[in-house]
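Here the structure comes first, spelled out in structure tokens, and everything after it is commentary.
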Amino acid sequence: MSDNPNTGLPAGKAGMSLIVKTITRLTIGLILLFGIYIVMHGHLSPGGGFAGGVIIALSFIHIMLAFGKDIAAAKISRGLASNLESIGALMFLVIALLGFLGGSFFLNVLAKGRPFKLFSAGTIPLSNIAIGLKVGVGLFAIFLALVILEGAKRK
Amino acid sequence: MNIIPLFVIIPLFSAFFISLTGRLFKKGFIDAISGVSCFLLLALSFYGLNALNHSANQAMVYKVGGWMPPFGICMVLDGLAGFMLITVNLVAFFVCIFSINYMEKYTDKPKFYTLFLLMVTGMNGLIISGDLFNLYVFLEVASIASYALVAFGTEAEELEASFKYAIMGSVASGFIFIGIAFLYGFTSTLNMADMSRILGASPSSWLVPFVSVLFLMGFGLKAALVPFHAWLPDAHPSAPASISAMLSGVLIKALGVYAMVRIFFNIIGISAGYLSALMFLGALSMIVAVILALSQWDLKRLLAYHSISQVGYVFLGIGLGTPLGILGGLFHLFNHSVFKSLLFLNSGAIDYSTGTRDLREMSGLKEKMPVTAGTSLIASMSIAGIPPFNGFFSKLIIIFACIQKGFYGYALAAALGSILTLASFMKVQKYAFLDELKEKYRNIKEVPPAMKFSMVCLAAICVLGGILLLPSFKFFLSGAAGVLLEGKEYAGIVLGAAAKP
Amino acid sequence: MSLYLLCLTLFCVGLYGVLRKRNIVKIIIGIGIMEYSMNLFFVLLGYRYHGRTPIDAQNQNILNMVDPLPQALVMTSIVIGLAATALLISIAIRIYEKYGTFDITKIKRLKG
């Protein structure tokens, strides 16, 4: 996340102090990656779509807290967030509808693979990705909407 | 292909599709999508009831993901579910048509349709769910969408009403959740049929009364029975008129009445004490709410109080526990959803043309708005129980059922409530439609054709509602009443239907 | 048993917050406490003495597992709680915008 124009300068008006910004820049990628890991391994280990999605959302919220809402909103705007959220929901529904290929709603039609491997369990990882997208973007959109509401009130 | 999951798939898909593409297309396109999906739902619910009527089983069971019922989630379409689906989707369709013009005065129509269709998803899902936790999830989907819809105008009063409603609704959901947790802890299953079987096989003396009280509080709050009614007169009038029609017409019945009677009659099993509590609360709501309604001057607030009162009739009928009483209660549920949504749509039409909801402000609107005045007259006579209209038959059946079982006091209360309702609606007719037309309303026009269409169709159903009692249409009501009368045999029927391929 | 009673106490704390507090934000926190106590209660229902987590892993025998179903259900309930809380908070912000106060005794334009 080094495309912040304020990099290296003293803490600007938006956001927190230089220390916070530097630490955020170092950790934010790891947090996002961890969230993606949790989503991808949802069918093997604890976690899954919701938990991973929350971690993904937290990484963006972290940017917002450290650098201010304008920079965070530049990464994902509200319109994009709400579109991605709808896409996540539609993806989940389409995965559920895929079951009709085998004759039943929500039927797991893909090959199950071997247990404890990343590419296994049929449609479950795909559903996890859809939920992760929906929750990650949705939670960020909620936070952004609340911040914008609060900002509009101050003016 | 089995049609049962389509009741959830169609509205859910349209909701998110509209939210995704609503800004890209012209307004007519999203109107068309939501109208078509509501129409499809209505057609499917008629088709579903027809298929159920012609099949050998008493219930159609859909196994989600191919899992067998005690382990997987199942969807059940039986007589009561089919009846409720038709009620919900009928009102939803006409409200959707009405909204095409009515919602023009609000900004952001795509968001409105998204929330509206999510609410329909929640109600349809709740009705066809055969799994207790799934029922809770759909209940929350419908509730949260309705909290947002009440606040849709984002004016001060609407936000206040929505906040009250959301707090009350959250507390109610909390009680329902604890009730489900206790039932799960005792039976180790969430499938409604299996739960009913286990509760029948190993009865518990402390569990049933305890859980009954929790559910009575939770669903009583959702259905706005009298001690729990305080949120409704604020929340329902504050929403846009088309949503008020949905909330008063079907939401309190799907979330409150349907879920409550399904759980009590088919899962927990009904007891005489519980039935008398239901009857008492019903009669109390009937009388108290109608007295409160008499002194209202805000048209929508008056209608909201009448919703509480009419739900009281439904509970009184169902609480009698006799075949005739249950039939009357369910018939009144259907009738009320038709005429109350019609009345709310009338109030929306008046609001659309004149911009006021206060009865003292309006006068002589009959001259300028003949369709609204005519349909409103039909709905008013229907709700007051004037003979040729549908409300008369259902109230008559409820009063007969009370007398048949020897509850003369309740029969008298029902008749008294009906008279007070008539008085209250005579006030509405006099102040709103009769008298001289006020000078400032010289230039108002009748509402656009789409709004007229929904009002006229609903009025036609009000007039023709009585034919549902004729033998050839009787299966619509008697099938639904039969599900409640079969009680705990529900378990055997559903599990038996699920066992067949 | 005492654990369940503690859940009940927590529920009552939340209910007290909802019924007794005058500040809107405190009411929302009360709703949150109620939801957490419910979730805690439901998860505890699935617990068994010295049970292990219900996670299947390679080369392990699964013995004495706690009930996984309440955990999945509570997850769903948490998501629902999140949605309800987000909605309540956004309504509360808008109410503050319109009325200029969080005190519910001063927010009373609806009457009758």
Side-chain angles (χ1 to χ4, degrees), chain A residues 43 49-50 76-112 121-142 144-146 148-150 152-153, chain B residues 1-25 30 33 37 60-69 71-75 77 108 110-111 113-115 117-118 121 124-125 128-131 134 137 141 144-145 148 151 154 159 498 501:
Chain A
H43 54 299
F50 181 73
I76 296 183
S77 70
R78 240 173 105 191
L80 180 65
S82 81
N83 282 350
L84 281 177
E85 199 189 347
S86 306
I87 289 172
L90 284 178
M91 251 174 83
F92 186 74
L93 193 61
V94 167
I95 292 165
L97 286 174
L98 273 183
F100 277 125
L101 294 177
S104 178
F105 191 43
F106 268 110
L107 189 69
N108 197 339
V109 286
L110 301 182
K112 308 292 184 295
T123 54
I124 294 173
L126 297 177
S127 315
N128 268 333
I129 291 170
I131 297 170
L133 183 67
K134 164 122 182 107
V135 172
V137 178
L139 200 57
F140 177 69
I142 289 172
L144 198 61
L146 289 180
I148 289 171
L149 263 179
E150 183 76 15
K153 190 188 74 191
Chain B
M1 194 175 78
N2 206 322
I3 57 153
I4 299 177
L6 289 176
F7 288 113
V8 179
I9 294 169
I10 292 173
L12 197 61
F13 183 84
S14 334
F16 286 107
F17 187 73
I18 287 172
S19 131
L20 183 63
T21 60
R23 277 176 238 96
L24 305 179
F25 296 111
I30 54 168
I33 294 179
S37 54
M60 281 154 68
V61 178
Y62 187 83
K63 290 162 277 206
V64 176
W67 297 89
M68 280 305 288
F71 309 107
I73 291 170
C74 66
M75 291 174 170
L77 179 69
D108 214 345
K111 275 213 179 62
Y113 278 126
T114 304
L115 287 167
L117 286 166
L118 276 178
T121 310
N124 279 344
I128 58 170
S129 170
D131 180 279
N134 223 357
V137 171
V141 169
I144 291 175
T154 63
L159 291 166

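So you know, we letter chains A, B, ... as the sequences are listed, proteins then strands, and number each from 1.
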message = Can you list everything that forms a side chain to side chain contact (heavy atoms under 4.5 Å, CB included) with F92(A)? Sequence neighbours excluded, please.
response = F106(A), S127(A), A130(A), I131(A)
request  = Anything in residues 82-89 of chain A with a heavy-atom distance to chain B below 4.5 Å? Please list those residues in order.
outcome  = S82(A), N83(A), S86(A), I87(A), A89(A)
query = To the nearest 0.5 Å, how far apart are CG in L90(A) and CG in L20(B)?
reply = 6.0 Å
request  = Quick one: which of T21(B), I9(B), I18(B) has the most heavy-atom pairs under 4.5 Å with chain A, could you say?
outcome  = I9(B)
